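Please read the structure below before turning to the comments.
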Amino acid sequence: MSQTTKQIEQKWQKCWEKARLFEADPDLNRQKKLVTFPFPYMNGPLHVGHAFTASRVDAYARFKRMQGFNVLWPWSWHWTGQPLLGASQRVARGDEAYIKVLRDVDGVPEEELKKFVDPFYMAQYYTSEGRSAVKSIGFSVDWRREFTTTMLAFQKFIEWQYANLKEKGYVTRGTHPVVWCPKDQSPTGDHDRQSGEGVTPEEYTLIKYRLDDGRVLPAATFRPETVYGITNMWINPDVTYVEADVNGEIWIISQQAAEKLKEQKHNVTVRCDFLGKELIGKSFTNPITNLTFPILPGWFVDPKTATGVVYSVPAHAPYDYLALRDLQKKPEVLAQFGVDPSMVLAIKPVSIIKVEGFGEYPAAEIVEKMGIADQNDSKADEATNELYKKEFHSGMLKANCGIYASRSVREAKDTLIADFKGLGAADSMYDLKEPVVCRCMTQCIVKILSDQWFLNYSDPQWKELAHQVVAQLTVYPDSAKPWFNTVIDWLREWACARTTGFGTPLPWGKGWIIETLSDSTIYMAFYTINAQITRNIIKPESLTSEVFDYIFLGKGDKTSAAKTADISTDLLDAMRSEFLYWYPFDLRNSAKELVPNHLSFCIFHHAALFPPQHWPKAIGVNGMLMVEGQGMHKSKGNFITLKSAVEKYGADATRCGLLLGAEGMDDPDWRADNINDLKFKFDSLMGFASNIIASAKKADDTPLERWLASRMQQRIKDVTFALDELKTRTALQTALFETWNDLKWYIQRKGSTEAKALGEVVKDWLKLLAPFAPFLCEELWSQTDEAGFISTAKWPIYDTGKVDVIALEQEALVTDVMADTNNILKAMKISPNRIVYYTAAHWKWQVYLKIVEKTLTGEVKINELMREFAADAELKPYMKDIAPLVPRIIKSLTKISGDRKANMAKIGVIDEKTILTDALAFLKDRFNAETAVYSESEAQRFDPKHRATMAMPYQPAIYVE
RNA sequence: GCGGAGGUCGCCAAGCAUGGUCAAAGGCGUAAGACUGAGGCUCUUAUCCCGCAGGGGUUCGUGGGUUCAAAUCCCACCCUCCGCACCA
């Protein structure tokens, strides 16, 4: 009884483990490759997305191992961070919806689920599930180097890293605005939000206009340059405002604003509240120009946005223009507030920005153009956006803008804000453009966190170093390389410590732990020594900074380091040399979503901490896995765990199904039908190859075997080239389908599988497939006469000596003839009884080859050619036939590649009659018709329609009936 | 908005750097045949349109341009997907 896929997989997994096949130790006689995959976060099971990215790493690792490299492919687990804790708390809270997902999607058994109230238990559970899934899919991992990020030894490593970064000045301290949940007392990231995804704090400038009594009206704006164009203030008469002591000044702001400012480093004490209408009609002073303006009622003013105090720039703000116009049309409204309508009527917009395509008053023009009725018209928003954008990008400040006159808005803005603040005329506050609601249903605000620790990715010198890392880095695909540079330029300070979740305590900051994206930037170096740490049971406290300095940087005195650490100098040296052997890493491959964060951080940190010889060698980036055309989400019900995929389809089909999906940065699509199909294909392949291995014993060396061997060489070349570029899809497609098709063709043509040469080709084929479908290949390899594992067999090397261009050309003749025959049959719409081929006469070959030669060397001149032919005694008699032939041949040759023409010239005349005669039985079978072949020059031939004279070299004439 | 990646013959997808070998690989799907008790699987063949003779026509997001020649080069436009920070 034949083994099931599952049995085969388990068998080889055990064999590999027993042979310690993937355990890699330093070996100075061999070149090394350290390949890595970003450790997965353990708040859930591994899924097919992980499998896709890691399959690429594994295929590469296996390929390089077969090429003779000493390959190290380690794996670990990310436990530090917030989500694990959050997940565990949801279980503890009895969150049924969440528990249902764990049960149904993750497949967690009931008795385990209960224990998930302990986050470490949860992590442990997913980690051991994950480990067995990784083994079951056949990743060739050295497990001796495994760790989790909460292990003390690892945390010592992170401490060392951060102490170093701080010493080098890459860690800074400062304040930072975040979206904040007042109830949870923590920042509310996108994933923690009920609504308001993607909303970030935006900074408003507050212009501190002053009432006559000295109280401040801090009007909020994104466009402080418009302070020069103010005509009045808007206060919502129906809204409650407060008078508050803010940093020693008396501010008038909306009630909501007072609460917000308290969280933003403002000292706020509310003294009293009142309705906005009390302010209407009062006048105030512009702190920049010292001019005085009135306060008018504006119902569009939203107390929930910023300060609830807005100043009016009717020349450039559509809302202001509309609101003013509305008031001017309704003097009776003004009268209610005791405002003199004629004063309002006298307000004229003040133009301060010159912008292309608009005249004096852009706001009025755009309102007109879009036909906006009043301040309640929904189109007003659109007009605002359009005009703001336009004025920002191409606006110039006019002469009435003080010292900023004739500067562009875009360029003057930042200095202007700084100047105003310096004068005490402006302040700032943050607010959210749209409401954000936390998962706990609380409305979020902006909080300014103080004494926050940052990695200073803004540091220009650090950026420069990071660019240098990128410059020497190979990126797969190459097109992703510029992306890294733009990300490096774009990254700013990154808060690298937080107060909640799991993580390594910040070495110098009480209560702070290192943020999880910041604790996973150089840990690939830790792999190099972790096997030693475990094997020698090195205590965490022995891993002092002196020890790490010595191991990773060769710094300091090893005797004293060993002494303080209580470990031997030999062991220290062993770790040092192991690090030196493996580092830097040769490949890190991940999905493209990590480019703007993890992978770029990895570059920054290597730049900061390691010398250039230990900088990353190559980074691979791939797309994000889709499932049936959609993004994979637990909530969408299309989440597929790695474990379930392997169980259902087998490891090889899962790996190959994923890898055939896409390469480069394209997103692969997991289609269950395709994977299932592949599973059947592999069953078929097993029988196919097995049969060949058993029967290929006969010494046979015909052009067909040479053709097959030649094709194989081309496949070897292509697969090797593609894998070196991490083009896993191209490589697999060639290795699996194209090569298989070659073999099938050979067997059809040959009619048997007995040739020993075929068996040899199959061995190479299995090797090409082994990085992708290791279990299947290992099984088939064991059926051959070869010893050892295919996983460590020698990768085939492309050998031009094995390429027989004549055999290739001869076989091409057969396929070309078949294609032509098919075309004729299709046009005739018949099934033939008899097919006769006529090969070209020798003199035609002479003519043909002469022309081929000419086209290779340069321009072909017909009259010269004809003269040459006429001079040839052998050709002279045929001149009448040659004349019309020559242009035809020239034309047909334009469709043939230079390489092939060169081959044709080299090969000379091929014996078409023999080739076709040999293929006759095959053709007969294929077309289900009597077949025959004659040479055009044979007098005795069956040729009722006189087709023979149409024969051309490489294009025999065909007669069908 | 900023940044990145893309739009190819029913679907997925190669090709585009180095224009001619491109009606354009491969896989899927579809159709026919073989196998089977029947099916699934597998294998074979076909699969833009026209053509009773190996030929012709129209295709590679849209519109222009360069060229003897463009899926490939240039310009403009339209559309889709992804990332944008304290979060893994």
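Below, read A as the first sequence line, B as the second, and so on, with proteins coming before strands; counting in each chain starts at 1. Note that this is a predicted model, so its numbers are computed, not measured.
Side-chain N/O atoms of A/Arg729 and base N/O atoms of B/rA14 include no donor-acceptor pair closer than 3.5 Å. For B/rA25, its base sits under 3.5 Å from the side chain of A/Gln733 at one donor and acceptor pair at least.
With 3.5 Å as the limit, one finds a donor-acceptor pair spanning the side chains of A/Tyr126 and A/Asp106. Defined by atom type and a distance below 3.5 Å, a donor-acceptor pair is missing between the side-chain atoms of A/Thr734 and A/Asp718.
In this structure, CG of A/Asp925 is placed 18 Å from P of B/rC43, rounded to the nearest angstrom. Rounded to a whole Å, the CG atom of A/Asp820 is 15 Å from the C1' atom of B/rG51. The nearest whole Å value for the distance from the CG atom in A/Leu916 to the P atom in B/rG54 is 19 Å. Distance CD1 (A/Ile488) to P (B/rC84): 18 Å, rounded to an integer number of Å. We find that CE of A/Met624 is positioned 17 Å from P of B/rG6, with the value rounded to whole Å. Protein atom CH2 of A/Trp740 is 10 Å distant from nucleotide atom C1' of B/rC43, rounded to whole Å. Following rounding to the nearest Å, A/Phe484 (CZ) and B/rG3 (P) show an atom-to-atom distance of 18 Å. Across the protein-nucleic acid pair, A/Phe680 atom CZ and B/rC43 atom P stand 12 Å apart, rounded to whole Å.
Here A/Asp666 lies in heavy-atom contact (under 4.0 Å) with sugar-phosphate atoms only. Within the nucleic acid shown, A/Phe688 has no heavy atom closer than 4.0 Å to any nucleic acid atom. Residue A/Pro832 is out of contact with every strand shown, counting any heavy-atom pair closer than 4.0 Å. A/Val960 comes within 4.0 angstrom of a nucleotide base, judged by non-hydrogen atoms across all strands. Counting non-hydrogen atoms under 4.0 angstrom, A/Ser479 reaches the backbone sugars and phosphates but no base. If you check every strand for non-hydrogen atoms under 4.0 Å, A/Thr200 touches sugar and phosphate atoms only. Here A/Arg671 lies in heavy-atom contact (under 4.0 Å) with sugar-phosphate atoms only. Counting non-hydrogen atoms under 4.0 angstrom, A/Leu517 reaches a base of the nucleic acid. Among the atoms of the strands shown, base atoms are found under 4.0 Å from some heavy atom of A/Ala957.
Note on A/Lys681: a side-chain N or O is less than 4.0 Å away from OP1 or OP2 of B/rC28. OP1 and OP2 of B/rU44 both lie 4.0 Å or more from every side-chain N or O belonging to A/Arg926. The shortest distance between the side-chain N/O atoms of A/Thr516 and the OP1/OP2 oxygens of B/rA88 is below 4.0 Å. Here A/Asn823 does not reach the OP1 or OP2 of B/rA53: none of its side-chain N or O atoms lies under 4.0 Å away. Put simply, A/Ser684 has a side-chain N or O that comes within less than 4.0 Å of OP1 or OP2 on B/rC43. Phosphate proximity of B/rC43 to A/Lys744: present, with a side-chain N or O under 4.0 Å from OP1 or OP2. Phosphate contact (OP1/OP2 of B/rG54, side-chain N/O of A/Gln955, threshold under 4.0 Å): absent.
Among the nucleotides B/rA88, B/rG54, B/rC81, the one closest to the side chain of A/Asp667 is B/rC81. Taking only side-chain atoms of A/Asp677, from C-beta outward, the nucleotide of B/rG29, B/rA85, B/rA5 with the closest atom is B/rG29. Relative to the side chain of A/Pro596, the nucleotides B/rG83, B/rA5, B/rA53 differ in distance, and B/rG83 lies closest. Of the listed nucleotides (B/rC52, B/rG15, B/rG4), B/rC52 has the atom at the smallest distance from the side chain of A/Met828. In this structure, the nucleotide among B/rC28, B/rG54, B/rA46 sitting nearest to the side chain of A/Asn822 is B/rA46.
The same atom, C1', is picked in B/rA13 and in B/rU8; the two are 9 Å apart, to the nearest Å. Rounded to whole Å, the P atom of B/rG26 lies 27 Å from the corresponding atom of B/rU18. For the P atoms, the distance from B/rG20 to B/rC74 is 15 Å, rounded to whole Å. Here the separation of B/rA71 from B/rG33, taken at their P atoms, is 38 Å to the nearest Å. Across B/rG64 and B/rC82, the matching C1' atoms stand 31 Å from one another, rounded to whole Å. Nucleotides B/rC75 and B/rG56 are separated by 34 Å at their P atoms, to the nearest Å. B/rC73 and B/rG7 have their P atoms separated by 12 Å, with the value rounded to a whole Å. Straight-line distance between the P atoms of B/rA31 and B/rA53: roughly 30 Å, to the nearest whole Å.
With a 4.5 Å cut-off on side-chain heavy atoms, A/Glu493 and A/Tyr457 do not count as touching.
For the atom pair A/Met952 CE and A/Thr839 OG1, the distance stands at 13.0 Å (nearest 0.5 Å). With rounding to the nearest 0.5 angstrom, the NE2 atom of A/His605 is 9.0 Å from the OG atom of A/Ser520. From A/Asp742, atom CG reaches atom CZ of A/Arg715 across 4.0 Å, with rounding to the nearest 0.5 Å.
Figure legend. B/rA17 is base-paired to no nucleotide; pairs are counted as Watson-Crick or G-U wobble with both atom distances under 3.5 Å. B/rC81: Watson-Crick or G-U partner is B/rG4, with both key distances under 3.5 Å. Across all strands shown, B/rA70 forms no Watson-Crick or G-U wobble pair with both key distances under 3.5 Å. With both pairing distances under 3.5 Å, B/rU42 is matched to B/rA34 as a Watson-Crick or G-U wobble pair. Nucleotide B/rC28 has B/rG10 as its partner under the Watson-Crick or G-U criteria, with both atom distances under 3.5 Å. Judged by Watson-Crick or G-U wobble contacts below 3.5 Å, the nucleotide B/rU58 has no partner.
Both stacking criteria are satisfied for A/Trp490 over the base of B/rA85: a centre-to-centre distance under 5.5 angstrom and an angle between ring planes under 30 degrees.
Contact check on A/Glu391 versus A/Arg223 returns a salt bridge, with a Lys/Arg side-chain nitrogen under 4.0 Å from an Asp/Glu carboxylate oxygen. Checked for salt-bridge contact, A/Lys463 and A/Asp489 miss the test: no charged N lies under 4.0 Å from a carboxylate O.
The aromatic rings of A/His598 and A/Tyr523 sit tilted, their planes meeting at an angle between 30° and 60°.
Between A/Phe737 and A/Trp765, the ring center distance fails the sub-6.0 Å criterion.
Residues A/Pro201 and A/Asn741 both approach RNA chain B. Their nearest nucleotides, taken by heavy-atom distance, put A/Asn741 toward the 5′ side. Where A/Gln748 and A/Ala827 meet RNA chain B, the nucleotide closest to each residue was compared, and A/Gln748 sits on the side nearer the 5' end.
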